[in-house]
Undergrad: 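Handing you a structure now.
All ligand and atom numbering here is 1-based and tracks the order in the structure.
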Amino acid sequence: MNSIRRIAVNTGGGDAPGLNAVIRAIVLTAEQRGWEVYGVRDSYDGLFEEDGVQRLDRSSVRGITHLGGTILGTTNRGNPMRWPVEAEDGSVTYRDRTQEVVDAFAGLDIDAVIAIGGDGSLGIAHALAQKGLNVVGVPKTIDNDLAATQLTFGFTTAVETATDAIGKLHSTAESHERVMVVELMGRNAGWISLFAGVAGTADVILIPEIPYDIESVCAKVQDRYENGPEFAIVVVSEGAHPIDGEPVYQDTRAGQKRLGGVSRVLAEEIASRTGRETREMVLGHLQRGGGPNAYDRLLALRFGAAAVRMVAEGRFGTMVALDPPRVLAVPLEEAVAHIKTVPLDSDVVETARALGICLGD
Ligand code: F6P
């Protein structure tokens, strides 16, 4: 069953706390099987660069479990399915380099690849698997928006960071009797905002899954000033949008639609409609920074060990997934078919409502 001798690992897309823990688990468990492990730098870019593929051994992964970021580097621009080629006149066209990636791994005598990434990177892994590459995916994203796994590593650490920020905003909001609008990441899924908003006792939480009515948001803010402590904390997910409105993008160049800026729009509306002094804050990449909490370390180590197990069992074209109490393999095709958004009947949504938190509807 096992003809594996050399495997490669890469990290793609936005970084997330726990990437280094996955890499460490892969290296240590693969070494136990007598395999060699190679790290590819910056997603697949390293395959086409000098020294872009390097041997990883026990000493390369010593003391990295608790570290943020990724020792392999990452990029959310190196998509081999849509590789940018710039012409002399500055115009950019795209070409498919997936076959070159498969050939490059073959040239390095790599028997299997473990690709750690979010939906974009796992979509690439799926395309490479269809071209014959032996690949196993590991689900990573602070957004927790990957279907087929109950959790992605990085999510609970991001929620902790965001909860801490919301907590700190309370004292300044209260001192100045202000409305503080805090914008959190998550793309088109409201997991981070919902979890951190409830844990951080926000007054309003706006998520993409529940288009908001600005009048209902302002009514909640006014109620705080009239009946409660005279300040309000509004958590808004970067992908949230009003009923009959669109999400706010900060950058739509080159076909990249980067969300961002909804807190400013919202803060201006709240200030002009309520007359309350309002400030906005975008927490941004702090949510991806720093080391993983204990839960994410453990999840990442479990995913790394499970990915090696799947490679040993020849279960290629799959992604490891948390299905408590087990970590199992699900087809990549299933994992990338759609993103996982917050179900409106989820208990956390119900809890928020029961606590009197306004969800914008
Ligand atoms: O997917 C993770 C994430 O942090 C999203 O929450 C956010 O929208 C995006 O990546 C930001 O990407 P970038 O690092 O390119 O700004």
Undergrad: For atom 11 (C) of ligand 1, find the nearest protein heavy atom and state the residue, atom name and distance (0.1 Å precision).
TA: R288 NH1, 3.6 Å
Undergrad: Considering all heavy atoms of both residues, which atom of D296 and which atom of F155 are nearest to each other, and what is their separation?
TA: OD2-N, 3.8 Å
Undergrad: Establish, from distance only, whether the side-chain atoms of Q54 and R41 form a donor-acceptor pair under 3.5 Å.
TA: no
Undergrad: Purely on distance, is any nitrogen or oxygen of G186 under 3.5 Å from one on ligand 1?
TA: yes
Undergrad: So does R58 get a backbone contact from the side chain of E31, meaning a donor-acceptor N/O pair under 3.5 Å?
TA: yes
Undergrad: Of the backbone atoms (N, CA, C, O) and the side-chain heavy atoms from C-beta on, which set of N76 has a member under 4.0 Å from an atom of ligand 1: side chain, backbone, both, or neither?
TA: side chain
Undergrad: Below the 3.5 angstrom mark, is there an N/O of R77, backbone or side chain, next to an N/O of ligand 1?
TA: no
Undergrad: When I205 is tested against each of I233, L359, I210 for side-chain contact (heavy atoms from CB on, under 4.5 Å), which residue passes?
TA: L359
Undergrad: Does D143 come within less than 4.0 angstrom of ligand 1, counting non-hydrogen atoms of the residue?
TA: yes
Undergrad: Let me confirm one number: the CD-CG distance from E350 to D345, rounded to the nearest 0.5 Å.
TA: 8.5 Å
Undergrad: What's the shortest heavy-atom distance between G46 and V53, and which atoms?
TA: O-CG2, 3.9 Å
Undergrad: Will you find, in the side chains of D15 and T74, an N or O donor that is under 3.5 Å from an N or O acceptor?
TA: no
Undergrad: Quick one: look at Q287 and ligand 1, take heavy-atom pairs under 4.0 Å, and tell me if it's side chain, backbone, both or neither.
TA: neither
Undergrad: Could you tell me the residue and atom name of the protein heavy atom closest to atom 8 (O) of ligand 1, and the distance to it rounded to 0.1 Å?
TA: E238 OE2, 2.5 Å
Undergrad: Run the numbers for me: atoms of ligand 1, each under 4.0 Å from some heavy atom of R187, listed by number.
TA: 5 (C), 6 (O), 8 (O)
Undergrad: Can you name the atoms of ligand 1, numbered from 1 with element, that are less than 4.0 Å from a heavy atom of H285?
TA: 13 (P), 14 (O), 16 (O)
